[in-house]
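Worksheet for the structure shown next.
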Amino acid sequence: MEAFDEKRLNDGCIDRISRLPDEILGEILCRLTTKKAAATCILSTRWRKVFPYKVPLTQIHLDDTELLRGPQRYCKCFADFVSRLFNGSLLDDIGVEKVVLHCEKYYDYAEIFSWFGAIIRLNVKKLHLILPYSPRILDGFFSIFNGFGSLVELEFESEYNLYVPDDIVLPNLKKLSLFTMSLPRYGYSINELIRGCPMLEELSIVEVNFGGMDSIYIQSDLLKKLCIEFYNREDECTIVIDAPNLEYFVYAGSKVSDFAIKSFKSLHSASLDFDLMGGFSNDSYSREAKIFEECSIANRLCLYGAAVLALDSVTLCTFPNLTCLALGSVGSWYKCEMLAHFLQKAPKLESLKFEKELDVHARWDVGAFAAFESVLHEFPVCLKRSLKKIELLQLHGHEDEIKLIEYFLKNGRVLQEVVVVYYRNPLDPDILSRFSGCPKCSTKCQVLFKEGDNETASYPDNRRQWF
């Protein structure tokens, strides 16, 4: 190795990375998938000393997605590597805490279950599975892990039916995330699963098909975070939530026949996105009113899609603790009316954010600002006492939009900062001069302009930002 380095040095090319200390090389390799990190052993005898002796194998990340375009033997090599890793003695004394297993290819049923057996043997605490094309795995997964006491975090993504034993118990599971899978048509698997996790603190149910279930019952005194997202569902059901200590609530979706919420007395943050593809109805108004009423004690509230429209359709309650409000869009006249009503119902509001819209060409209705002004019969208390920051994350440059920002500048008595993000480079000088020259009620207020990155907004990411 030294002779090799001297030759490289004489040629003017220094192998600098191999000269790094083992500890630093170990930190570099731990950021790769486990298979890639192991592959460095064949580079030289120098690298053979790094893996696995200097790589913290407390987290195992196994991913076959880069092998999909290669020949079938590549996937066979991947499966052989995983089997040798799990079934050997290398990991026995290391204390593996987390395993991420992402398999896009279909592997032998018995082989994958031997990996699950190794995960149980190693007392893994966190397990993240992405197995989109392994239908038989879901038939027996929970039967194998039933009673497994070490598991505290489980994330599972697949596209097939999830079968759960009636007596399922995961006694120490604190975080459960289910993505894109289905439930047996006439089963109540999700209810059995939630009931069998007495220590559950965080639950995410995303794009799960409940096929034929009449109701989903979420009951836990320890639950602190709850995320429910589903669209394109063919069935309707009632969601019953009995979580008195819930602090974070995210709901996005459609076709829920009813909500039965016992109490959100500890709620801190909520994010709502109604997808009313079938239009408004008396039932939908009643459902939304229940949700808004329960979320009215939150300190932070984020509204997207039809949730913004719904505020104009229900009797708006008071939000006595609300300090931060984020809105998906307010460009139409009726949404501006809603905003005016909301400002009057949130006396402690400190931060107001207008999120970037998915439609970058969205326009403001002519007369939107006039609709906003027509509602304000009384000056909002928050503008007098608490509103300190406003963020407009997508400036369109429409007249009513500019008038709305000017209104806040002229009337925000304690306003300290207005952030405007624009996507036209350079910014229209007329708009710049109007904002800069607008009289400000607060002498401490600054108007900051930032250039956007032109990337499409990602509502799902925003909805779960507090998780």
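Counting begins at 1 with the first residue of the sequence.
- Using bins of under 30°, 30° to 60° and over 60° for the plane-to-plane angle, the ring pair His398/His396 lands in the parallel bin.
- One distance of note links CD1 of Ile241 with CZ of Phe264; it measures 4.5 Å at 0.5 Å rounding.
- Counting non-hydrogen atoms of neighbouring residues, nucleotides and ligands closer than 6.0 angstrom, the CD atom of Glu153 exceeds 12 such neighbours.
- Inter-residue side-chain proximity for Cys103 and Leu131 is flagged as met; some heavy-atom pair is nearer than 4.5 Å.
- Rounded to the nearest 0.5 angstrom, Ile261 CD1 and Tyr251 OH are separated by 10.0 Å.
- For the atom pair CD of Glu373 and CG of Leu404, the computed distance is 9.5 Å after rounding to the nearest 0.5 Å.
- Phe148 places a side-chain heavy atom less than 4.5 Å from the side chain of Asn123.
- Side-chain atoms of Asn245 come within 3.5 Å of backbone N or O of Asp221 as a donor-acceptor pair.
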So Cys295 and Leu267, side-chain contact (heavy atoms from CB on, under 4.5 Å) or not? Walk me through it. CA-CA 7 Å; Cys295 293; Leu267 192 67; 4.0 Å; yes

Evaluate Glu399 against Arg434 for salt bridge (Lys or Arg N to Asp or Glu O under 4.0 Å), listing each step before the verdict. CA-CA 11 Å; Glu399 181 63 22; Arg434 284 187 63 175; 2.8 Å; yes

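- Contact of the Phe342 side chain with the Leu349 side chain is not registered, since no non-hydrogen atoms from C-beta on lie closer than 4.5 Å.
- For Tyr217, the ring-ring contact (aromatic ring centres under 6.0 Å, His included) criterion is met by no residue, not counting sequence neighbours.
- At a threshold of 4.5 Å between non-hydrogen side-chain atoms, the residues Glu391 and Phe354 do not count as touching.
- Here the closest heavy-atom approach between residue Val206 and residue Cys227 is recorded as CG2-SG, 4.5 Å.
- A salt bridge does not link Glu155 with Lys126: none of the charged nitrogens is closer than 4.0 Å to a carboxylate oxygen.
- When atom types are taken as modelled, the side chain of Asn146 and the backbone of Pro165 share no donor-acceptor pair closer than 3.5 angstrom.
- By the 30° and 60° cut-offs, the orientation of the rings of Phe156 relative to Phe141 is perpendicular.
- Between Phe86 and Leu122, the closest side-chain pair of non-hydrogen atoms falls below 4.5 Å.
- Counting heavy atoms from C-beta outward, Phe408 and Leu392 have side chains that stay 4.5 Å or more apart.
- Considering every non-hydrogen atom in both Asn299 and Asn321, the closest pair reads ND2-O, 3.3 Å.
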Between Glu401 and Leu395, does a side-chain contact (heavy atoms from CB on, under 4.5 Å) hold up when you go through it step by step? CA-CA 8 Å; Glu401 179 186 29; Leu395 176 67; 3.7 Å; yes

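- We find the OG-CG distance between Ser351 and Leu322 to be 9.5 Å, quoted to the nearest 0.5 Å.
- A 4.5 Å side-chain heavy-atom check between Leu62 and Leu85 finds at least one atom pair inside the cut-off.
- The line from OG1 of Thr323 to CG of Leu301 is 10.5 Å long, rounded to the nearest 0.5 Å.
- Between Glu350 and Lys388, none of the side-chain N atoms (NZ, or NE/NH1/NH2) sits under 4.0 Å from a carboxylate O, so this pair counts as no salt bridge.
- Other residues, nucleotides and ligands contribute more than 12 heavy atoms inside 6.0 Å of the NZ atom of Lys440.
- The minimum heavy-atom distance linking Cys302 with Glu355 is given by the pair SG-OE2, 4.3 Å.
- The shortest non-hydrogen separation linking Arg413 to Ser442 is O-CB, 3.5 Å.
- In terms of heavy atoms, Leu448 sits closest to Glu417 at CD1-OE2, 3.2 Å.
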Phe369 and Ile402: CA distance, side-chain angles, deciding distance, side-chain contact (heavy atoms from CB on, under 4.5 Å) verdict: CA-CA 9 Å; Phe369 178 71; Ile402 296 172; over 6 Å; no

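- Classified by interplanar angle (parallel below 30°, tilted 30° to 60°, perpendicular above 60°), the ring pair Phe379/Tyr407 is tilted.
- Considering all non-hydrogen atoms of both residues, Val250 and Glu229 come closest at CG1-OE2, 4.0 Å.
- When side chains are defined from C-beta on, Leu409 counts as touching Cys445, because their heavy atoms get closer than 4.5 Å.
- At distances below 3.5 Å, at least one donor-acceptor pair connects side-chain atoms of Ser266 with backbone N or O atoms of Pro244.
- Stacking of Lys345 on the aromatic ring of Phe319 is not recorded, the 6.0 Å distance cut-off and the 45° axial limit not both being met.
- At distances below 3.5 Å, not a single donor-acceptor pair connects side-chain atoms of Ser436 with backbone N or O atoms of Ser433.
- Crowding of Lys384 atom NZ: a count of heavy atoms from other residues, nucleotides or ligands under 6.0 Å exceeding 12.
- Remark: Lys389 NZ to Gln416 CD distance equals 10.5 Å, nearest 0.5 Å.
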Take Asn191 and Ile216 through the test side-chain contact (heavy atoms from CB on, under 4.5 Å) and record every step on the way to the result. CA-CA 6 Å; Asn191 292 340; Ile216 301 168; 3.9 Å; yes

Test Glu406 against Lys403 for salt bridge (Lys or Arg N to Asp or Glu O under 4.0 Å), laying out the working first. CA-CA 5 Å; Glu406 288 179 333; Lys403 286 182 178 179; over 6 Å; no

